[in-house]
S.K.: 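Before anything else, here's the structure in question.
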2 protein chains.
Amino acid sequence: MIHSEELKKNPNLYLFLPIYYALWADSILTQAEQDTLNTLLKSQNWLSENELQFLQGYLDPKKDVRPKELKEWKSQIQTADIKKHHTLTDLGLDLVNKYSNGQKIELPEGALTAFHEAERQLGMINKEVNYIFQSEHKTVTGDLSREANFDISSMTAILEGHDAEVIRKVKAVIGSPDFKYPAKESLAQQRDDVYKLCQVLAEQGFGSWAFPKEYGGKGDMEGYFTIMETLSFHDLSMVIKFGVQFGLWGMSVFFLGTERHHKKYLKDIGTLKIPGCFAMTETNHGSNVKGIETTATYNHNNKTITIHTPHDKACKEYIGNAAIHGQMATVFAKLIIDGTDYGVSAFVVPIRTADGKAQPGVTIEDCGPKMGLNGVDNGKIWFDNVIIPAEDMLDKFAGIDENGEFTSPITSDNRRFFTMLGTLVGGRIGIPRSALSATKSGLTIALRYADGRRQFGPQSGEEVPILNYRLHQRRLIPPLATAYGLHFSLKYLTSRFLKKSEEDAQEIEALAAGLKAYTTWFTTSTLQECREACGGKGYLAENRIPDLKADTDVYTTFEGDNTVLMQLVAKNRLTEFKQEFHNMNLVTVFNYVAEKAKVNIVEKNPLAVRNTDEEHLLDFDFHMKAFTYREESILSSAAQRLKRLIEGGMDSFDAFNVSGHHMVNVGKAYIERIILEQFQAQVESTTDIKCQQVLRKLAQLFALYTIENNRGWYLEQGYMEGVKTKTIRKTVNQLCWELRKEAISLTDAFDIPDHCLAAKIAVND
Amino acid sequence: MIHSEELKKNPNLYLFLPIYYALWADSILTQAEQDTLNTLLKSQNWLSENELQFLQGYLDPKKDVRPKELKEWKSQIQTADIKKHHTLTDLGLDLVNKYSNGQKIELPEGALTAFHEAERQLGMINKEVNYIFQSEHKTVTGDLSREANFDISSMTAILEGHDAEVIRKVKAVIGSPDFKYPAKESLAQQRDDVYKLCQVLAEQGFGSWAFPKEYGGKGDMEGYFTIMETLSFHDLSMVIKFGVQFGLWGMSVFFLGTERHHKKYLKDIGTLKIPGCFAMTETNHGSNVKGIETTATYNHNNKTITIHTPHDKACKEYIGNAAIHGQMATVFAKLIIDGTDYGVSAFVVPIRTADGKAQPGVTIEDCGPKMGLNGVDNGKIWFDNVIIPAEDMLDKFAGIDENGEFTSPITSDNRRFFTMLGTLVGGRIGIPRSALSATKSGLTIALRYADGRRQFGPQSGEEVPILNYRLHQRRLIPPLATAYGLHFSLKYLTSRFLKKSEEDAQEIEALAAGLKAYTTWFTTSTLQECREACGGKGYLAENRIPDLKADTDVYTTFEGDNTVLMQLVAKNRLTEFKQEFHNMNLVTVFNYVAEKAKVNIVEKNPLAVRNTDEEHLLDFDFHMKAFTYREESILSSAAQRLKRLIEGGMDSFDAFNVSGHHMVNVGKAYIERIILEQFQAQVESTTDIKCQQVLRKLAQLFALYTIENNRGWYLEQGYMEGVKTKTIRKTVNQLCWELRKEAISLTDAFDIPDHCLAAKIAVND
């Protein structure tokens with residue numbers, strides 16, 4: 001086009017250059033575009049026939065415009081003062097002026113209007129299109145960056161509370177050179193490495209921390225949970241191996257045994273002198289522990305007990321510490337005396353000699369490689385009539401007296417069993433706290449990466465940090481808010497547990513089970529988001545997300561399958577926590593069900609259903625009402641549904657099955673209300689104003705994001721109208737946008753040591 | 001209680017025994033329960049003072065009832081004819097009869113009414129409670145089991161279609177002893193194993209299958225995709241290594257090169273004589289390929305090209321085959337001639353000698369261990385002024401002529417770039433087909449396990465297969481339906497691709513990108529469900545789910561990040577596929593946007609919004625209307641929103657960012673409509689009536705499950721009312737329940753060889 005005779009003859013033709021360039025440079029020349037341009041050309045009656053033909057020639061997409069020529073058009077255009085013009089037509093006019101040596105352009109009336117109309121039809125909207133000729137382009141999206149409006153160490157202090165001292169101790173140990181992550185090679189080496197680390201932790205006294213002082217401990221159960229949580233910034237195989245030894249094996253002896261067992265074993269467990277196992281799960285019985293088939297038969301003649309695996313699939317399975325290191329085990333088995341089955345009790349059984357040989361009658365098989373946690377040596381155990389002294393029955397809840405008769409302070413086999421399991425609820429506190437630490441690591445890695453990683457940007461502008469994209473914010477910032485909420489909720493759970501009494505035992509078990517399930521599901525989904533949000537970098541082992549994901553994946557299964565747990569929580573809610581936790585059957589629920597069905601739930605407020613004021617949407621009180629309404633009405637409708645089904649003649653087991661999905665929602669709604677309650681309470685009690693501000697925003701985001709996720713339900717109920725749920729979605733986006741600035745500082749406040757984080761994309765070498 | 005004087009004196013007291021047993025055996029004796037019983041006792045004025053005191057004694061939860069005594073109560077009760085009685089009171093009466101030696105019981109009027117009232121209050125609802133005394137208990141849930149109402153091989157034939165022959169060939173090869181899964185040991189060994197398998201596949205002619213016959217191939221692109229898909233029943237590292245060599249490296253030479261490149265390279269690529277790489281992605285530029293920084297500078301003096309990595313983070317990264325085996329690479333770089341940048345082109349560059357040494361100027365680093373796909377040797381590559389002959393530029397779309405001037409049939413750098421990328425769309429067909437095969441493996445394993453695994457059951461009844469639980473069905477059966485729908489959709493995509501013309505190229509690219517994203521997200525979430533649904537068994541390597549999950553996890557990232565892809569799909573939908581795919585900027589969208597905003601979408605039918613007839617809910621036409629309504633109205637509202645924002649003065653880049661979430665939904669809604677369309681078409685064209693019946697049910701489930709997942713949206717729009725979405729949820733449950741019986745046969749129809757599946761929980765040794 002340029003250099004052509006036509007342009008020289010008539011510089012007015014430059015008017016067309018910007019539009020022609022835009023069409024040729026960026027897009028397929030569609031028929032509609034050709035038509036628009038043709039209409040434009042025909043409206044310009046100042047063009048000569050030659051000029052018209054010349055210009056029409058360029059509307060043929062097959063025309064051989066050479067790439068170099070196109071680049072020259074661009075250079076020509078860039079000689080004009082680009083930024084001054086808001087339309088391509090104006091830009092063209094500027095070029096005409098330039099090339100006509102200041103001669104005034106004379107165009108017939110309406111000629112320019114047709115140009116502007118063509119631009120509009122081509123979608124070349126004002127101020128936008130000429131960015132293709134510019135070398136910079138500022139946008140709101142591009143300008144967003146990190147800010148810290150609160151003091152990070154103050155926030156860390158809020159998170160740590162009175163655990164700070166224990167946390168500091170643990171970090172000092174895991175920061176030592178011994179704890180540098182080794183390369184993962186063989187299974188054997190990984191297990192060996194982890195065992196050695198556990199020995200170091202035992203030497204530091206962390207293993208026995210919860211045990212009484214007379215057995216080498218500090219009698220500090222709260223500290224034990226904090227240790228688990230802090231260790232979980234490091235390798236999770238180490239944490240689980242630690243938990244198996246000191247939490248499961250140690251605590252089972254501590255809680256299910258009596259003084260003679262404590263004297264005999266606790267000290268050596270705490271120092272790792274006796275590595276041991278917690279042998280509850282069997283191949284055929286996982287969630288349904290009550291159905292385990294291993295037998296413990298009392299022998300009157302010599303006051304011994306015979307531990308026996310009745311068939312191949314009644315073996316103990318997934319038992320941590322069993323494949324390589326464990327020398328003893330707390331074995332759960334059905335106690336049989338004189339042919340009568342007294343239900344599940346626990347027994348200390350030697351399984352391996354100190355030099356690593358299986359004890360006579362004990363067969364151990366390695367579970368082999370797993371998705372993760374390969375530093376933990378899980379195994380299967382079979383017992384072939386293994387005889388132990390009767391005194392090695394852990395007899396806090398059930399024993400055998402001098403006359404060989406069964407004794408127990410608890411009459412009912414069921415109740416005894418559930419009480420026994422209830423003492424082990426600590427695992428359902430340690431696991432979610434560990435899971436949350438892993439999630440904090442994942443979020444820290446993914447958010448730091450997202451803050452630094454730039455990809456795409458406005459036309460001719462710089463690439464933008466991916467955390468500035470709303471979609472990316474939506475992936476990572478609501479989970480960040482939930483992580484904060486869960487942190488406070490798990491602290492609350494811990495403190496409830498430490499003050500547990502007989503009256504609130506069932507409630508606390510339900511709370512622990514529900515928070516365990518909720519947290520570990522959250523961990524799985526959040527780490528998945530982190531993986532994807534880091535793209536290929538998230539797939540490389542060097543960035544640790546693969547290990548975090550693989551190691552925590554089984555958290556939704558062990559210490560109770562989440563789906564089963566949530567149904568148990570629901571059952572307990574249906575009986576107002578009056579029924580023993582763990583009981584999957586329903587027989588005596590209906591007392592409550594029958595009553596509950598009559599209770600009216602909170603009234604809907606006809607004004608609130610369509611209230612979209614920002615003040616209202618951000619109001620804690622609105623959030624709590626919405627959560628409570630959901631919790632209570634799901635609970636009530638579940639009760640009514642079960643009642644209706646059973647009164648209609650359905651078997652209660654079938655009724656419960658039909659309502660399974662509903663039950664899980666009863667559990668989730670309860671747990672979400674608890675989290676919100678604890679989150680709001682923390683905000684209200686925070687005295688540092690800057691920290692309070694950002695925590696408030698996080699609590700608002702948690703609340704609204706949760707409501708948004710449940711919006712189908714709220715709309716079905718008529719508790720909200722569409723106009724409100726839509727505004728909530730926008731408010732969630734807006735809160736994410738605002739919190740994006742603080743996001744990095746909020747992860748810094750987790751205060752995860754860089755040598756633990758150890759992801760190349762998140763830590764400077 | 002029994003053996004006591006009171007009972008002997010007055011056998012009428014046996015009336016209380018069943019109720020007392022039920023209270024003591026199962027639950028905590030709450031205050032409310034004590035109160036109810038006390039009221040009952042006081043109403044029974046036939047009791048003597050002694051008897052009353054005796055009975056009240058048992059209402060003290062602290063009373064020392066020995067476990068053995070409780071068991072004896074039960075034995076006593078079991079002497080009655082349990083099944084005959086529907087209340088505990090009736091059971092008690094039976095016992096009284098028994099122990100009073102046939103003497104008629106004389107009770108005052110109203111005495112029994114009070115008993116029944118107490119039972120009601122205690123929630124011991126009729127027919128349920130006496131299961132605690134029985135030894136079996138049949139339920140609807142327990143009775144459900146596998147049925148096959150269609151011929152499995154006919155269904156396999158429908159799935160395979162005319163690919164059956166190629167599938168048979170591939171299965172014969174991967175079923176050979178060479179292909180037995182080796183134990184995974186070191187990274188080096190895994191890579192070596194996979195390389196050897198690829199050599200076997202090359203020897204069988206699978207590698208060159210798509211290449212023209214003159215270069216050793218069969219010229220059968222469709223067959224190539226089927227090979228990828230079938231291989232994906234086996235190890236996925238092998239599949240990806242195969243895809244890198246023959247799909248990426250081979251196809252890039254084939255599609256971007258011209259005859260001289262084909263002659264020079266294709267045959268040796270197809271036999272794996274030249275292992276090679278596809279070096280596009282750079283550390284700093286993944287999704288934004290257009291921003292890659294590697295340069296290819298033309299040297300006029302000797303007609304060579306210098307390939308150079310300008311800075312450390314402009315290195316090629318994640319390049320498959322690079323770390324160990326690759327000898328050559330298709331390198332994407334910006335072509336510079338005389339200082340002018342002509343955009344991204346592709347060049348064949350030697351990177352390593354046949355004996356494994358890096359070529360001079362080439363630095364290669366291993367990406368190291370990854371989450372999965374560890375049999376693929378990904379690496380980083382840096383080029384330090386590496387010189388290649390100009391003839392090794394792949395010059396189908398861009399070349400350099402005799403005079404050293406840039407030539408191209410496509411004028412615009414943008415359009416050339418997008419056209420070039422467009423030729424590589426095959427990867428976005430191969431990957432989702434591979435992902436779907438992996439998902440089929442996961443579903444087969446998890447469903448077989450769920451069919452056989454029993455856990456929990458009704459009181460005193462047998463344990464029930466976990467697949468009989470509605471919750472478990474909900475986890476696995478809707479994904480099974482979706483897998484079928486995706487199977488037919490990916491076949492459709494393949495056939496569209498094979499018939500691709502210039503007119504529909506953009507549409508097919510959008511379709512491929514959308515189906516790639518949708519399928520791989522589906523794979524990730526489904527395999528996660530499979531893992532959790534198999535509990536601890538799903539975590540063991542021996543059951544293959546860990547590998548399936550870890551290997552496919554990156555499918556959501558490679559061949560285009562899913563989130564980016566879905567936004568591109570949305571952009572293409574917004575321009576009715578008129579704009580080049582891959583273009584993340586928006587300049588010329590508005591033509592369509594402005595028009596589209598005026599278009600009225602389908603009217604809502606005021607009757608349909610609350611229609612809950614089963615016939616209506618299962619109707620294909622209702623499904624399609626709901627999907628289409630969603631697709632069109634989300635698209636239209638996205639267009640209006642962008643228009644409104646930009647006309648309100650927002651930068652288009654910011655506007656697009658603000659609407660990011662909306663954009664992804666535009667893409668998803670489009671893809672979901674496509675899947676439904678293909679699914680329904682398959683049902684309608686299926687002639688085998690039995691197969692058609694079950695396929696119809698699967699298509700209905702896919703449709704309703706998808707609607708249920710989007711119910712928040714439908715309710716917000718007023719397209720459905722709560723009463724309808726609730727009924728849809730129930731219908732989904734019901735379809736899952738019905739399909740549970742066919743589920744195993746439906747996975748059998750995938751016809752995955754047992755030696756490929758190789759999960760201990762799913763395959764008999």
Side-chain angles (χ1 to χ4, degrees), chain A residues 24-27 30 65 67 70 122-123 125 128-129 139-141 286-288 318 367-371 406 408 411-412 414 455-456 458-459 469-471 532 535-536 539-542 546 554 556-557 561 563 578-579 584-585 587-588 590-591 651-654 657 660 711-712 715-716 722 725, chain B residues 24-27 30 65 67 70 122-123 125 128-129 139-141 286-288 318 367-371 406 408 411-412 414 455-456 458-459 469-471 532 535-536 539-542 546 554 556-557 561 563 578-579 584-585 587-588 590-591 651-654 657 660 711-712 715-716 722 725:
Chain A
W24 273 95
D26 202 62
S27 184
T30 65
V65 179
L70 200 64
L122 293 169
I125 283 181
E128 284 291 320
V129 70
T139 59
V140 175
T141 303
S287 291
N288 190 9
Y318 315 118
C367 287
K370 306 183 297 287
M371 182 183 292
F406 183 79
S408 170
T411 309
S412 152
N414 266 334
Q455 204 74 177
F456 295 111
Q459 177 103 36
Y469 293 108
R470 299 242 179 185
L471 265 172
E532 294 181 35
Y539 199 64
L540 300 180
E542 67 181 30
V554 77
T556 57
T557 297
D561 175 86
T563 307
K578 279 182 189 137
Q579 206 180 36
M584 272 298 265
N585 284 310
V587 179
T588 56
F590 300 100
N591 188 22
D651 191 284
S652 72
F653 182 73
D654 291 325
N657 186 17
R711 76 189 204 277
L715 289 160
E716 272 178 358
T725 57
Chain B
W24 273 94
D26 203 61
S27 185
T30 66
V65 180
L70 201 64
L122 293 168
I125 282 182
E128 286 289 319
V129 69
T139 59
V140 175
T141 303
S287 291
N288 191 9
Y318 316 116
C367 287
K370 306 186 296 289
M371 181 183 294
F406 183 80
S408 171
T411 309
S412 153
N414 266 336
Q455 204 75 175
F456 294 112
Q459 175 105 36
Y469 292 108
R470 299 241 178 185
L471 266 172
E532 293 181 36
Y539 199 64
L540 299 180
E542 66 180 32
V554 78
T556 57
T557 297
D561 175 88
T563 307
K578 279 181 189 136
Q579 205 180 37
M584 272 298 265
N585 283 311
V587 178
T588 56
F590 301 100
N591 189 20
D651 191 284
S652 71
F653 182 73
D654 291 324
N657 187 16
R711 77 189 203 276
L715 289 161
E716 271 177 0
T725 57

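Below, chain A is the first sequence line, B the second, and so on; all start at residue 1. Model, not experiment: these values are computed from the prediction.
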S.K.: Only pairs of heavy atoms separated by less than 4.5 Å count here; which of B/Y469, B/Y539, B/Y318, B/F406 has the most with chain A?
M.R.: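 Going by pairs under 4.5 Å, I would pick B/Y539.
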S.K.: Write down the atom of B/G712, the atom of A/L715, and the distance for their closest heavy-atom approach.
M.R.: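 That would be O-CD1, 3.4 Å.
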S.K.: Locate the shortest heavy-atom distance separating B/N288 from A/Q455; write the atom from each residue and the value.
M.R.: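 Closest pair (atom of B/N288, atom of A/Q455, distance): N-OE1, 3.0 Å.
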S.K.: Mind checking side-chain hydrogen bond (donor to acceptor under 3.5 Å, both in side chains) for B/E716 and listing every partner two or more places apart, or none if nothing turns up?
M.R.: A/R711, A/T725, A/R729
S.K.: Go through the structure and list residues passing side-chain hydrogen bond (donor to acceptor under 3.5 Å, both in side chains) with A/T141, not counting sequence neighbours.
M.R.: B/D654, B/N657
S.K.: With only heavy atoms counted, which part of B/L70 is less than 4.5 Å from chain A, the side chain, the backbone, both or neither?
M.R.: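 When you check distances to chain A, only side chain atoms of B/L70 fall under 4.5 Å.
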S.K.: Would you say A/T411's side chain and B/V65's backbone share a donor-acceptor pair under 3.5 angstrom?
M.R.: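 Between the backbone of B/V65 and the side chain of A/T411 there is a qualifying donor-acceptor contact (under 3.5 Å).
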S.K.: For A/L540 versus B/K370, what's the shortest heavy-atom pair and its separation?
M.R.: CD2-CG, 3.9 Å
